[in-house]
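Since the structure comes first, as structure tokens, the remarks are kept for the end.
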Amino acid sequence: MKNRFPTLTQIIPVLSILCVLFYGWTAVMFLWKLSSWLFFLTFGEIAVLAAYASVTNLVESLVLLGILLLAAALLPARWLKDDFSLRGGALAITLAGSMLLINHLSVIDRLGPVAYWPLWILGALLFGMALSSIASRVTIVGRAIVWLGDQFSVFLFILLPMSVVSIVVLLARMLF
Amino acid sequence: MRQLSRRDLLKLSLAALGGAAAARLAPFAARNPSNGRPNILLLVFDALSARHMSLYGYARATTPNLEAFAETAAVYHDHYSAGSFTTPGTASILTGLEPWHHRAVALSSPVKRSLSDNNIFRLGRGEYTRIGFAQNLLADVFLRQFHRDLDLRLPAQSFSYGNPLLIERLNPSDPLAYFAFDDFLVGGFKFDTPYSGSAMLGVMDRILRRGVTRHPEIKGRLRAEVCFNGYFYYQNRVLFDGIFNTLKKAATGDRPYLGYFHFWSPHEPYFPTPEFTGLFRDGRRAVEKPEHPFAPAYLHTAQQLTQLQTAYDQYIANVDAEFGRLMDSMSAAGMLENTCVIVLADHGQLFERGVHGHASRLLYEGVLRTPLLIRLPGQTRRVDVRTPTSNVDLLPTLASIMGVASDLQTDGQLLPGLGGVEVPQRSLFSVNAAENSAFLPLTTGAFALIKGTRKFLLYTGYAGLDDRAELYDLAEDPDELRDLSRADPAAAKQMRDELLAARDAADRAVLSADRK
């Protein structure tokens with residue numbers, strides 16, 4: 001069973017790409033909201049909001065990573081598992097990126113009627129698969145994705161401990 | 001052992017009969033639990049302006065049911081909201097404090113944390129079953145903040161279609177969870193940023209929101225019969241039925257109830273049901289008034305305001321009909337006999353000077369003058385009170401009606417008509433300080449002082465705009481068209497000094513308490 005999943009060294013770059021995208025988006029939005037929160041929330045309360053956001057980002061990163069790992073386990077190994085840091089990285093960029101895009105398009109009202117939404121999801125998946133295929137064939141694209149994953153890994157040393165502390169904070173708030 | 005005499009037998013027989021009767025009556029005692037205290041039912045209509053209610057003399061028959069209700073109630077004709085939008089207006093209802101004391105002045109703000117126990121629900125502690133419901137998320141912030149004093153908080157999406165609020169499933173008792181999820185990560189209110197803070201939750205939210213329009217109950221009926229307040233799809237008929245059922249259940253409890261129900265309607269967007277959309281095609285136009293330098297950049301045309309005003313009036317009539325239906329249902333079920341019903345609003349609505357709504361800085365009568373009707377259990381005649389009163393008066397008045405001693409802070413007074421004294425020259429304040437920090441002095445804002453028939457307005461501290469003072473005599477000029485501040489500078493100065501002294505004293509008290 002263990003052989004059906006990629007190794008930890010292949011998983012970490014994909015997780016780091018997901019974390020940077022999700023945490024990064026939230027950080028920008030957090031700064032956008034901060035000016036209004038400062039009108040009526042204390043610094044301690046704003047820190048709690050940051051904790052909620054941090055835990056949410058961790059969960060969404062792990063959920064998407066879990067989906068990719070499940071796909072790697074279920075699909076033929078050469079489709080995804082064997083080169084997970086590259087193909088998984090490409091899919092991570094595409095899926096997380098499409099979520100950011102959907103958020104933006106819905107705000108500017110360019111998303112179209114709900115009937116088109118399955119097309120968006122299908123399109124994102126197809127684009128992700130195409131990108132992962134291109135990445136494995138075109139060396140510069142593949143190297144770029146792997147390089148991104150490696151470079152982003154450093155952020156995990158900040159983001160993951162921050163999320164663990166946030167979990168403790170929120171549990172304490174729920175219990176006491 | 002002494003033999004029983006005939007007299008003893010008679011006593012025993014009477015005692016047995018009395019015991020049997022008491023045993024039969026006991027269940028009624030359990031079902032009629034108030035032990036002298038009445039149920040309290042507060043119905044708060046968001047953005048209901050007294051200036052648009054036929055009850056208060058408006059030309060269109062917008063409120064026939066409230067007029068019928070008023071025949072056996074105390075009716076307050078010069079009643080004011082302490083704030084011009086939901087956050088300060090509702091906070092003043094719930095805390096009995098002026099906005100510069102409770103500090104819920106910015107959009108979406110909770111009240112000052114040290115006042116979390118200073119609310120109307122605290123009055124009923126131990127004696128009442130306290131129920132809170134607010135369809136407006138800005139008002140729901142306070143119910144979350146006061147959750148320790150609520151026995152039942154109905155989620156804001158109750159009686160609506162679908163459940164777009166994720167947080168209700170996670171941690172509804174943490175007031176900050178609302179700001180984290182509904183205000184930020186998921187994105188319920190999007191005044192300051194339209195984007196969801198979480199990419200994944202944002203997508204899920206959009207799917208859920210879109211999906212709810214395909215709910216079998218409302219599919220194909222949107223805009224005709226179903227209201228949408230920006231986050232919930234609902235029907236007023238279903239909503240009021242839900243409130244009735246909640247009250248019916250509460251009435252069987254072992255304690256009287258204190259119910260606070262804050263309806264979104266008749267707040268915009270206006271969705272009168274088809275039977276009301278044909279009303280008021282009378283050609284009535286909005287009163288033409290000059291533009292105001294503190295109005296927002298985008299102004300509506302007179303024609304647009306007239307159309308919006310008609311839709312608003314239709315919606316008020318629609319909501320009034322639902323109110324009438326609720327009262328009829330409660331009356332038929334015998335639920336009004338021991339219930340004090342209070343009808344009020346958190347603020348009003350403007351249709352003048354190019355401005356529609358209540359989000360502007362303007363503090364004219366349309367946005368500040370709100371209804372207040374109080375019917376005590378068993379009340380058989382109408383009482384009209386024509387001295388100025390405020391929503392901050394509700395807390396001390398509730399304490400009196402509930403028969404409880406209150407040590408809560410309040411800026412209000414016991415209302416006239418319910419034991420309070422009429423003070424014609426009483427000073428009332430209304431505030432729009434949305435552009436201030438709650439933790440700093442309120443230097444920027446629009447402030448109103450109402451005293452007798454005089455109303456003084458001060459717009460101060462806005463960057464790029466000079467301070468502006470206005471003075472009106474509401475008795476002679478109810479449309480506030482003749483500014484007397486130059487004709488009577490002494491009166492204007494006196495009211496300005498009083499207003500600023502009150503504001504500064506409040507700032508000093510709040511900030512010194514913070515430092516301690």
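Naming convention: chains lettered A, B, ... in sequence-line order (proteins, then strands); numbering from 1 in each chain. As a basis for the values below, the full set of heavy atoms in this structure was taken, side chains included, without hydrogen atoms, waters or symmetry mates.
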**Message:** Just verifying a value: how many Å separate A:Met99 CE and B:Ser198 OG, rounded to the nearest 0.5 Å?
**Reply:**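 Going from CE on A:Met99 over to OG on B:Ser198, the span is 8.5 Å.
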**Item:** Atom pair CG/CZ of B:Leu107 and A:Phe39 - distance to nearest 0.5 Å
**Value:**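 Rounded to the nearest 0.5 Å, the CG-CZ separation comes to 11.0 Å.
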**Prompt:** Looking only at atom types and distance, does a side-chain atom of A:Trp25 sit under 3.5 Å from a main-chain N or O of B:Ser196, one as donor and one as acceptor?
**Reply:** yes
Counting neighbours of [atom1] on [X] that are heavy atoms of other residues, nucleotides or ligands and sit closer than 6.0 Å, is the number greater than 12?
{"X": "A:Met129", "atom1": "CE", "result": "no"}
{"X": "A:Ile140", "atom1": "CD1", "result": "no"}
{"X": "A:Phe157", "atom1": "CZ", "result": "no"}

**Item:** B:Arg113 versus chain A, the contacting section by heavy-atom distance below 4.5 Å
**Value:**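 Contact with chain A is through the side chain of B:Arg113 alone.
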**Message:** Under 4.5 Å from any heavy atom of chain A, what part of B:Ala104 do you find: side chain, backbone, both or neither?
**Reply:**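 When you check distances to chain A, no heavy atom of B:Ala104 falls under 4.5 Å.
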Non-hydrogen side-chain atoms of [X] and [Y] separated by less than 4.5 Å:
{"X": "A:Met29", "Y": "B:Leu185", "answer": "no"}
{"X": "B:Thr87", "Y": "A:Phe40", "answer": "no"}
{"X": "A:Thr42", "Y": "B:Phe439", "answer": "yes"}

**Prompt:** Taking the inter-plane angle between the rings of B:Phe181 and A:Tyr52 on a 0 to 90° scale, is it parallel (under 30°), tilted (30 to 60°) or perpendicular (over 60°)?
**Reply:** perpendicular
**Asked** Parallel, tilted or perpendicular for B:Phe184 and A:Phe30, by the 30°/60° rule?
**Response**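 Taking A:Phe30 first and then B:Phe184, their aromatic rings stand perpendicular (interplane angle over 60°).
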**Prompt:** Considering only heavy atoms, which portion of A:Leu41 lies under 4.5 Å from any heavy atom of chain B: side chain, backbone, both, or neither?
**Reply:** both
**Prompt:** Where do B:Met200 and A:Thr56 land on the side-chain contact (heavy atoms from CB on, under 4.5 Å) test, with the steps shown first?
**Reply:** CA-CA 9 Å; B:Met200 189 179 280; A:Thr56 303; over 6 Å; no
**Request:** Output the option from B:Ala180, B:Ala106, B:Pro110, B:Gly197 having the highest count of non-hydrogen pairs under 4.5 Å with chain A.
**Result:** B:Gly197
**Item:** Residue selection (most heavy-atom pairs with chain A, distance under 4.5 Å) from B:Ala434, B:Ala438, B:Ser109
**Value:**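 Option with the greatest count: B:Ser109.
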**Distance-minimising heavy-atom pair for A:Leu100 and B:Ala199** =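 The pair with the smallest heavy-atom distance is CD2-CB, 3.2 Å.
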